[in-house]
Protein chains: 4
Amino acid sequence: MTEKKRRKPTQKRAQATVEAILEAAFQILEAEGLNNLTTNHIAERAGVSIGTLYQYFEDRDAILLAIAQKESDEIRQLVTEIILETPEISSIRAIVRALIHGPQGSPETRIALSDVLFRNGGATEMSRQHLALLASLQESADVELNLGREATFILTHAAIYLLRAAAAEPELELDTNILEDEIVYLMESYINNLSMRSTRTD
Amino acid sequence: MTEKKRRKPTQKRAQATVEAILEAAFQILEAEGLNNLTTNHIAERAGVSIGTLYQYFEDRDAILLAIAQKESDEIRQLVTEIILETPEISSIRAIVRALIHGPQGSPETRIALSDVLFRNGGATEMSRQHLALLASLQESADVELNLGREATFILTHAAIYLLRAAAAEPELELDTNILEDEIVYLMESYINNLSMRSTRTD
Amino acid sequence: MTEKKRRKPTQKRAQATVEAILEAAFQILEAEGLNNLTTNHIAERAGVSIGTLYQYFEDRDAILLAIAQKESDEIRQLVTEIILETPEISSIRAIVRALIHGPQGSPETRIALSDVLFRNGGATEMSRQHLALLASLQESADVELNLGREATFILTHAAIYLLRAAAAEPELELDTNILEDEIVYLMESYINNLSMRSTRTD
Amino acid sequence: MTEKKRRKPTQKRAQATVEAILEAAFQILEAEGLNNLTTNHIAERAGVSIGTLYQYFEDRDAILLAIAQKESDEIRQLVTEIILETPEISSIRAIVRALIHGPQGSPETRIALSDVLFRNGGATEMSRQHLALLASLQESADVELNLGREATFILTHAAIYLLRAAAAEPELELDTNILEDEIVYLMESYINNLSMRSTRTD
DNA sequence: GATGAATGAGAGTTCATTCAT
DNA sequence: CATGAATGAACTCTCATTCAT
């Protein structure tokens, strides 16, 4: 009854409003950081009133979440594209490459976005991404892997968190191509290790 | 010049006050999260006035930083203790074990603390920890490793970030013993991979 | 860029709000002095929330400045009115009379207001007032005055500062009419002195 | 009974402490302005504890007052010295010269000190200075001046406030020698004017 | 649907002053 | 006499959010 409903933008104009808000928020996040990402600021930059903003978004976090989900989708998409374009590379490399080149924005932006994704349904949204990742990885292995929870966790998180850490420390001046190689090596050698153990166990 | 100096606690009473503040801050962080960790709240819980708090800490962040540095020291200490107690285990396992059992507090607490450590001298304080880690790892390898920046980065960050991620997702119910094993495998197989490449290159 | 913009009151309601804030501030300044002129106090007296206050004024000083500028304008206006109403009196007397009767409020209020005017663009806003004053004075002299910087300074500051001092020492119980006469004498005799010197010098 | 007594420094060591406090306060006032002149800051700079400071001074204002009175004394002294050294100059010029060269410190410092002098017994301490000034001026006049309250006020305040204003506006780059001349002219021509009126009236 | 004026809890912080040691 | 740890009222200012227009 008393629940406030947020309008779902079905009309074209409304769609444009939502886009403007998300775009404005992203720009501010990039240019001025999470601390200056205030709702009033976003509304002003988007050219809408603060009241309008609140008709489309429950609260400040919802805006960030929308941006993050959009990026998340784009990365999934990118994995597929990479595999289609260069079918000779391994799934692992495709994933790592997508994780490197997909996300836009500065380190701070990336962290803010992955944080919000985590806060809002860490067990839901984010792990969906991880599980998709895992499915791809399974294909890479010669033998069927006998994965425990912990190995699964490592396979689905290592690349993501290492790349997040790399993004957060730009002063290390890591070469993205080499980094791609090394992370691929890291994961492949771990999968080999898992295979050996699986074989032995069987 | 313009810096306000904070008193360094020389008297016994002052020492106790500082301890009380840090302890109170830690408890609040645990029980109520980073958002409710306000300076007034800390002072109240510590049983001191807000003015007293500000005599010893520049600002809110300084309190967090102090806690984080204390924990950081404790972990370094723990690595040493583990190696002394169980000399048969590898350096890698000692480090991973210390990283698992060292940090106190909930996932959110750990993240907040590692964040503050990173914010305040990401290239200073934190990498000191990483480099010490690296030195230990070098000893584990049979051949002298020929490490590029990117491989170094992976070696020094993989365990830390994976464990941070694990702490952040308690709903996965990971078994810490198994997790320790798997991370050790991950790193050992990567080091083997590096060794093989080093050998070939030589 | 980093400047926070303050809303300019476009709606009628907003105009009234700004008026209420200025009025409240003036009353408090009168009744309780500059030290008790806190932003919370002003907002409360004005019947608006503290947040509203800060939407229209950058900070506490900006409120004082707004009041001072308003008064400053009123005095300029008053000089003109006096000359129109009593065209037989000299410019000097008109200015002195305006300076005596124009400013509202207690001595402390006047000083606070002239201080804030001085702080914010001492070389800008305030000297504009002084220069206008000077232009009027020049007309009073028979011969064209040959004014050095220092004489100019005296002409433009003597009346203002003496009246400010008089306002600051109400216990002297100075009669404003006589004071007006004496200050006019002071300035006229100085201008005569300047004229004599100018004549001689030519 | 319950009245707090402030110690009068009779011993040598105590004298030194008081001196150190006043000196420290003056330096801070000069270097960092009235806003940063905190009691803790003064005590630290003076090398004494805050508790000690409060044994010699009732409150923060008392420190400023002590400095101001010291300066005030020095100026009175300076007038005498100037007259003794250069007996040919008029009393007026001696006073003006002393007011120009006597006070130490930046404009802000001077204003702060004259303000405190005024606040604490505007009718007492400060007018004592003014009356001494007036006595000297009376001697300069040929005929006995028949001074009303208002004329007295002008004679005793004009020079002081004009010089204070001049000090407050260093950007005008007034030449102190010329300023001395002009203020002397201002006052002399006013005294002449007064004389003429006195003569006529008699 | 859109607007933007208004809200207000509450954050961080300062500093004159006291008093137990 | 000196110390300096402790006090806490008071202050400025922010920003997510609401709701009358």
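Chain naming here is simple, since letters A, B, ... match the order of the sequence lines and numbering starts at 1 in each. The basis for the numbers below is simple: all heavy atoms, side chains too, and nothing from hydrogens, waters or symmetry mates.
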Discussion item. Nearest to the C:Thr52 side chain among E:dA6, F:dC11, F:dT7, which nucleotide is it?
Written reply: E:dA6

Response to the item:
Sorted by position of nearest nucleotide on DNA chain E, 5' first, the leading residue of B:Gly51 and C:Asn40 is C:Asn40

Practice prompt. Find which nucleotide of DNA chain E each of D:Asn35 and C:Gly47 is nearest to by heavy atoms, and output the residue with the more 5' nucleotide.
Written response: C:Gly47

Worksheet item: Which one, E:dA2, F:dT3, F:dC13, comes nearest to the side chain of C:Asp59?
Response: F:dC13

Worksheet item: Quick check: are there more than 12 heavy atoms from other residues, nucleotides or ligands sitting under 6.0 Å from CD of C:Glu44?
Response: no

Worksheet item: So, is D:Thr39 near the phosphate of E:dC15, with a side-chain N or O under 4.0 Å from OP1 or OP2?
Response: no

Worksheet entry | Distance, C1' atom - from E:dG1 to F:dT21, rounded to whole angstrom | 13 Å

Practice prompt. Search all heavy atoms of D:Asn36 against all heavy atoms of D:His41 and return the closest pair with its distance.
Written response: O-ND1, 3.2 Å

Fill in: N or O in side chain of C:Thr38 less than 4.0 angstrom from F:dA10 OP1/OP2
no

Worksheet item: For DNA chain E, what string of dots and brackets results from 5' to 3' when Watson-Crick and G-U pairs need both distances under 3.5 Å, crossing pairs get [ ], and pairs with another strand get |?
Response: .||||||||||||||||||||

Fill in: B:Ile50 side chain, from C-beta outward: closest of E:dA16, E:dT13, E:dA2
E:dT13

Worksheet item: How far apart are the closest heavy atoms of C:Leu37 and C:Arg60, and which atoms are they?
Response: O-NE, 2.8 Å

Fill in: Per D:Ser49 side chain, nearest of listed nucleotides F:dG4, F:dT17, E:dA2
F:dG4

Discussion item. Heavy atoms from C-beta onward define the side chain here; which of F:dT3, E:dG12, E:dG1 lies closest to that of B:Arg60?
Written reply: E:dG12

Practice prompt. Output the single nucleotide from F:dC11, F:dA2, E:dG12 whose closest atom is nearest the side chain of B:Tyr54.
Written response: E:dG12

Discussion item. Is it the case that the side chain of C:Glu30 and the backbone of C:Ser106 share a donor-acceptor pair, with hydrogens and angles ignored and the cut-off at 3.5 Å?
Written reply: yes

Practice prompt. Please list residues of residues 23-31 of chain A whose heavy atoms come under 4.0 Å from any atom in DNA chain E, ordered by number; otherwise none.
Written response: none

Worksheet entry | Nearest-Å distance for atom pair CD/P, residues C:Gln55 and F:dA16 | 13 Å

Worksheet item: Pick from B:Ile42, B:Thr52, B:Leu64, B:Leu22: which one makes a side chain to side chain contact (heavy atoms under 4.5 Å, CB included) with B:Phe57?
Response: B:Leu22

